[in-house]
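Down below is the structure, laid out as structure tokens.
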Amino acid sequence: MTTEQEKTLNNFFVHVFNKINNLENQALRRVGARNLSVKEIHVLEAVSEQAQRDQNTMSAIAESLSIQTSSLSTSVRTLVRKGYLTRRNGVQDRRQVYITLTDKGEAVNRVHSQFHAQMVRSAAAQFSDEEIELLTQMLEQLDRFFAEMLDLGEGQEDTSNNADTIMT
């Protein structure tokens with residue numbers, strides 16, 4: 001890889017992510033969801049997706065977001081307080097906690113889904129069908145790569161105090 005290619009790839013990972021995040025924040029403000037962060041919106045999205053699979057437990061939602069259940073608990077408490085989610089214990093196993101969207105949460109999630117659909121359509125309009133196919137394949141490879149890194153703990157904080165460790 002050339003230095004210029006490395007710079008371009010780094011720019012994609014850092015700056016494009018931030019630009020998408022900013023676009024999502026702007027979209028939230030336009031629809032009046034000013035009291036929600038993008039992180040909270042993604043929790044609502046994950047709850048919706050897991051509910052469609054009938055797997056809307058705290059553990060399944062946390063796993064789908066690649067976060068710890070304790071981190072999800074904090075977001076869920078906030079979203080319940082704001083009126084976007086409800087939580088209930090399982091009937092047969094009271095230790096299981098099920099999370100569902102309220103009508104307010106469903107409305108915000110619907111707008112967020114429409115935003116993503118429009119963003120994807122607009123971005124795809126910049127490319128030919130062949131380029132979209134290649135881009136899709138490459139992004140799927142990157143998704144697998146980052147999933148493997150997470151599985152290996154590569155993205156976790158280094159607690160070994162070994163400053164000489166370099167991620168490869």
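Hydrogens, waters and symmetry mates are skipped; everything else that's a heavy atom, side chains included, is used.
The shortest non-hydrogen separation linking Thr69 to Ser59 is OG1-CA, 4.2 Å. In this structure, Glu24 and His112 approach most closely via the heavy-atom pair OE2-NE2, 2.7 Å. In terms of heavy atoms, Ser48 sits closest to Leu101 at CB-CD1, 3.6 Å.
In the model, Gln68 has no side-chain atom that pairs as donor or acceptor with a side-chain atom of Ser71 under 3.5 Å. Looking at Thr100 and Thr86, their side chains do bring a donor and an acceptor atom within 3.5 Å of each other. Side-chain contact, Arg144 with Gln141: no donor N or O sits under 3.5 Å from an acceptor N or O. Using a 3.5 Å distance cut-off with no hydrogens or angles, the side chains of Glu45 and His116 do not pair a donor with an acceptor.
Between the CE atom of Met58 and the CZ atom of Arg87 there is a distance of 5.5 Å, given to the nearest 0.5 Å. Interatomic distance, Glu140 CD to Met138 CE, rounded to the nearest 0.5 Å: 11.5 Å. With values rounded to the nearest 0.5 angstrom, Ile41 atom CD1 is found 9.5 Å from Asn25 atom CG. Taken to the nearest 0.5 Å, the OG1 atom of Thr136 stands 7.0 Å off from the CD1 atom of Ile132. Taking CD from Gln55 and CD from Glu49, the interatomic distance works out to 11.5 Å, rounded to the nearest 0.5 Å.
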Evaluate the criterion side-chain hydrogen bond (donor to acceptor under 3.5 Å, both in side chains) for residue pair Arg121 and Gln118; output intermediate values, then yes/no.
-> CA-CA 5 Å; Arg121 283 191 298 272; Gln118 181 59 43; 3.3 Å; yes

Evaluate side chain to side chain contact (heavy atoms under 4.5 Å, CB included) for Val76 paired with Val80, printing each intermediate quantity in order.
-> CA-CA 6 Å; Val76 166; Val80 166; 4.0 Å; yes

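No more than 12 heavy-atom neighbours from other residues, nucleotides or ligands sit within 6.0 angstrom of CD on Glu63. Heavy atoms from other residues, nucleotides or ligands lying under 6.0 Å from CD of Gln137 number more than 12.
By the rule that hydrophobic residues join a cluster once side-chain heavy atoms approach within less than 4.5 Å of another member, Tyr98 and Leu79 end up as members of separate clusters. Follow the hydrophobic side-chain contacts under 4.5 Å out from Val120 and you never reach Leu142; the two are in separate clusters. Residues Val43 and Val108 share a single hydrophobic cluster, defined by chaining ILVMFWY side chains whose heavy atoms lie under 4.5 Å apart.
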Name each donor-acceptor pair under 3.5 Å that joins a side chain in residues 12-20 to protein atoms two or more places apart or in another chain, with its distance.
residue : atom : partner : partner atom : Å
Asn18   : ND2  : Val14   : O            : 3.2

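Residues Val97 and Asn89 meet the side-chain proximity criterion, which asks for heavy atoms closer than 4.5 Å. Under the 4.5 Å side-chain criterion, counting only non-hydrogen atoms from C-beta, Arg77 is not in contact with Arg81. Contact annotation: the side chain of Glu130 never approaches that of Glu133 to less than 4.5 Å [non-hydrogen atoms, C-beta and beyond]. Between Gln5 and Thr8 there is no side-chain heavy-atom pair separated by less than 4.5 Å. Put simply, the side chain of Leu134 does not reach to within 4.5 Å of the side chain of Phe127, judged on heavy atoms.
Here the rule is side-chain hydrogen bond (donor to acceptor under 3.5 Å, both in side chains) with Tyr84, and of Thr102, Asn35, Asn109, Thr78 only Asn35 fits it.
Judged purely by atom type and a 3.5 angstrom limit, Lys104 uses its side chain to pair as donor or acceptor with the backbone of Lys82. Judged purely by atom type and a 3.5 angstrom limit, Asn56 uses its side chain to pair as donor or acceptor with the backbone of Ile99. In this structure a side-chain-to-backbone donor-acceptor pair under 3.5 Å is present from Ser64 to Ile61.
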